[in-house]
Amino acid sequence: MDFIIEATVKAVKALYQTDLNAADLSLQPTRKEFEGQTTIVTFPLTKFSRKSPEQTGTEIGEFLKNEVKEISGFNVIKGFLNISLTDAFWIDKLYTEILPDNFAVSKPNGKKVMVEYSSPNTNKPLHLGHVRNNLLGYSVAEILKAAGYEVIKANLVNDRGIHICKSMLAWQKFGDGETPESTGEKGDHLVGKYYVLFDKEYKKQIEELRSFGQTEEEAKKNAPMIKEAQEMLQKWETGNDEVISLWKTMNLWVYDGFGKTYKALGVDFDKFYYESDTYLLGKDIVDEGLEKGVFFKKEDGSVWIDLTADGLDEKLVLLADSTSVYMTQDLGTAQLKYNDFHMNESIYVVGNEQDYHFKVLFLILQKLGKQWATGLYHLSYGMVDLPSGKMKSREGTVVDADDLINEMEQTAKEQTEALGKVEEYSEEEKQQLFHTIGMGALKYFLLKVDPKKRLLFDPNESVDFQGHTGPFIQYTHARIRSVLSRVELNATLKNEITSLYAEERDLILALSQFPETIALAAVGHSPAIIANYVYEVAKSFNKFYHEKSILQAEDEVTKQFRLQLSVASAKVINKSMKLLGIEVPERM
RNA sequence: GGUCCCAUAGCUCAGCUGGAUAGAGCAACAGAUUUCUAAUCUGUAGGUCAUAGGUUCGAAUCCUAUUGGGAUCACCA
């Protein structure tokens, strides 16, 4: 509604002889209890008018009403100028802006962005924390696409290291040749089982050594299990055939398992990076940093950067024996990713426990003079907590992703059958529907919350299906599709309606805010903005649906108009939910 | 100890770059279905926006301090 702002600038110029910048003015949605759709706050303008807010509002209102044909009226309450636009304006908006297929489709902005997310360890199955990560990453990627970016979804798989060797060792010792095929177990779960087993045995050995008088610290170092795992890691690094072969086999099991979970979650990737390929990278950057004087060497030979001037600490970037640390590797990987794609922006979807790490990483790259470092962004999200506290894989206090997905489908099934809506569905249709609804509930539950807030998940309290939830929005869509399936749209009766009811106007207003909402969500990297928006649209439609009959409308023109309004609503709901990675059913 | 994040109704959360009487959902209570799907809609009740200052015509929003919760600070990523 830039035309209102422009006209207001004109009004201020004409009335008060002041040149105003369009950027200084902003419109806000009119509160529901007042007449009008958009509101100008007049307080900031009183210093030009030298009149009361009410008087200023009235003068500008009069000017606008005469000047702009789309404005049908206004009222001023306590310095708020509420503007009503004509029904013709809203009707025209529906037909010429919202209904066409290119609504809310941004033109390519010529920018490339990489979204790195998921990034699992290959020693255990995915849990609820990963689910939040995956859903966030996928959704942010979709939102950026919708905002005009070219998006690369990347997954940096942590496929090597001591933790992987732990699973491998335990399998070697106790596995008895078990495979996913022989046990029927999902590969990632099978491997995870041995990771837990390792820890159990390891703890036993620690206890034993302590009973012989070793301190806990000594015992942790000296336990045979951990020594063997470290030996295995060394063998891996030197390319020992047997170890490499076992490593490959077990990783394949895990990938197979992850693939299934990813599919159930509905997420995908354009590019995989593997740490086994990247873990040695970054040493050349350390050299580069030493040359440029950004890094310095301590007496023992370890390499550091001094960030105290930036309010941070000194940070280690390379060990004394010149082996890499996490930071070394991430510096190298960042360069590799940039070399591969030359993207303008790069988003790391990683939990907030790594806030400090990424702050340092980005700062170092900037200090090294990498121009692309300004496009790096850490999308930091809060942990998912259980009522019992933090999830810990090793202790088994996790909500497993696959279990959770199954439970959600099961709950969806119970809810749906209790409502008696699926009697005539085929078995396959039912399964499909339960999956759609169950995942809709879960995804919406996790995405409607601001990413940076921590999330409490109570496994005993099932995720809601009513109210501000995914299924509520899915249901709204199904309802619309149901109405539309009963009639044929008459495209010839176009745009002949002349006046609107409040429910219709409010709905068009809500729909019209879709493009700006996408832009906002893209800038803020926040699916929650989309989630809360689509809820408003669904509520708005339900109200309209309840108040006004579509198929029994008073005349054919009204009926066709309401059908088109329904079509537009279904489209916006569908597109919004897609941005969240949520499917909407035709019926439910 | 340093740094960062969070704190809004009994519970889970919105509240955009400062704007009107702080909004939803759940839970509680009262209603709505001969009419397009009641996973819906309408209403009632529920608030010291953690606390104290400051900036401003105006603060849940910005600044400072305090309290509480969480994370992190040299080899797990």
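Here is how names work: the chains are called A, B, and so on, in the same order as the sequence lines, proteins then strands, and each is numbered from 1.
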Pair Phe362(A) and His378(A), ring centroids less than 6.0 Å apart: no

Within the 4.0 Å heavy-atom criterion, would you say Leu455(A) contacts the bases, only the backbone, or no part of the nucleic acid? sugar-phosphate

Any chance you could encode RNA chain B as dot-bracket? Rule is Watson-Crick or G-U wobble with both distances under 3.5 Å; [ ] for pairs crossing earlier ones, | for another strand. (((((((..((((.....[...)))).(((((.......))))).....(((((..]....))))))))))))....

Which pairs would a plain distance check flag for residues 43-51 of chain A, meaning a side-chain donor or acceptor within less than 3.5 Å of a matching protein atom at least two apart in sequence or in another chain?
| unit_1 | atom_1 | unit_2 | atom_2 | d |
| --- | --- | --- | --- | --- |
| Thr46(A) | OG1 | Phe43(A) | O | 2.6 |
| Ser49(A) | OG | Thr46(A) | O | 3.4 |
| Ser49(A) | OG | Lys51(A) | N | 3.2 |
| Ser49(A) | OG | Thr56(A) | OG1 | 2.8 |
| Lys51(A) | NZ | Glu59(A) | OE1 | 3.4 |
| Lys51(A) | NZ | Glu59(A) | OE2 | 2.9 |

Got a list of protein N/O to nucleotides 18-25 of chain B N/O distances below 3.5 Å?
| unit_1 | atom_1 | unit_2 | atom_2 | d |
| --- | --- | --- | --- | --- |
| A20(B) | N6 | Thr39(A) | OG1 | 3.1 |
| A20(B) | N6 | Asn82(A) | OD1 | 3.1 |
| A20(B) | N1 | Asn82(A) | OD1 | 3.2 |
| A20(B) | N1 | Asn82(A) | ND2 | 3.4 |
| U21(B) | OP1 | Lys78(A) | NZ | 2.5 |
| G23(B) | OP1 | Arg31(A) | NH1 | 3.2 |
| A24(B) | O2' | Tyr535(A) | OH | 2.8 |
| A24(B) | O2' | Lys539(A) | NZ | 3.4 |
| G25(B) | O2' | His468(A) | N | 3.1 |

Once you apply a heavy-atom cut-off of 4.0 Å, does Tyr326(A) come out as touching a base, just sugar-phosphate, or nothing? base

Give the C-alpha distance, both sets of side-chain angles, the deciding distance and a yes or no for side chain to side chain donor-acceptor pair (under 3.5 Å) between Asp464(A) and Thr469(A). CA-CA 7 Å; Asp464(A) 279 333; Thr469(A) 67; over 6 Å; no

Donor-acceptor pair under 3.5 Å: do we get one between Thr416(A)'s side chain and the base of A39(B)? yes

If you restrict it to nitrogen or oxygen atoms, what contacts under 3.5 Å exist between nucleotides 33-37 of chain B and the protein, and what is each distance?
| unit_1 | atom_1 | unit_2 | atom_2 | d |
| --- | --- | --- | --- | --- |
| C36(B) | O2 | Ile550(A) | N | 3.2 |
| C36(B) | O2 | Leu551(A) | N | 2.8 |
| C36(B) | N3 | Ile550(A) | N | 2.9 |
| C36(B) | N4 | Tyr545(A) | O | 2.4 |
| C36(B) | N4 | Lys548(A) | O | 2.8 |
| U37(B) | OP1 | Ser482(A) | OG | 2.9 |
| U37(B) | OP2 | Arg486(A) | NH2 | 2.7 |
| U37(B) | O2' | Tyr475(A) | OH | 2.2 |
| U37(B) | O2' | Arg479(A) | NE | 3.1 |
| U37(B) | O2 | Lys421(A) | NZ | 2.8 |
| U37(B) | N3 | Met588(A) | O | 2.8 |
| U37(B) | O4 | Met588(A) | N | 3.1 |
| U37(B) | O4 | Met588(A) | O | 3.4 |

Rounding to a whole Å, what distance do you find between Asp330(A):CG and C75(B):C1'? 14 Å

Output a table of nitrogen or oxygen pairs between the protein and nucleotides 4-7 of chain B separated by less than 3.5 Å.
| unit_1 | atom_1 | unit_2 | atom_2 | d |
| --- | --- | --- | --- | --- |
| A7(B) | OP1 | Lys453(A) | NZ | 3.0 |

Nearest-nucleotide pick for Leu456(A), side chain only, options being C73(B), U12(B), A39(B): U12(B)

OH/Tyr348(A) to CG/Leu361(A) distance, rounded to the nearest 0.5 angstrom? 5.5 Å

If you look at every strand shown and take non-hydrogen atoms under 4.0 Å, does Ile437(A) touch a base, only sugar-phosphate, or nothing? base

Excluding sequence neighbours, so at least two apart, what forms salt bridge (Lys or Arg N to Asp or Glu O under 4.0 Å) with Glu217(A)? none

For Ser302(A), report the nucleic acid contact type (base, sugar-phosphate, nothing); a contact means any heavy atom under 4.0 Å. nothing

Please check if the distance between the ring centroids of Tyr475(A) and Phe472(A) is under 6.0 Å. no

Check step by step if side chain to side chain donor-acceptor pair (under 3.5 Å) holds for Arg479(A) and Asn542(A). CA-CA 9 Å; Arg479(A) 214 181 204 185; Asn542(A) 279 327; 2.8 Å; yes

Hey, does Lys543(A) reach any base, or is it just sugar-phosphate, or nothing, if we go heavy atoms under 4.0 Å? sugar-phosphate

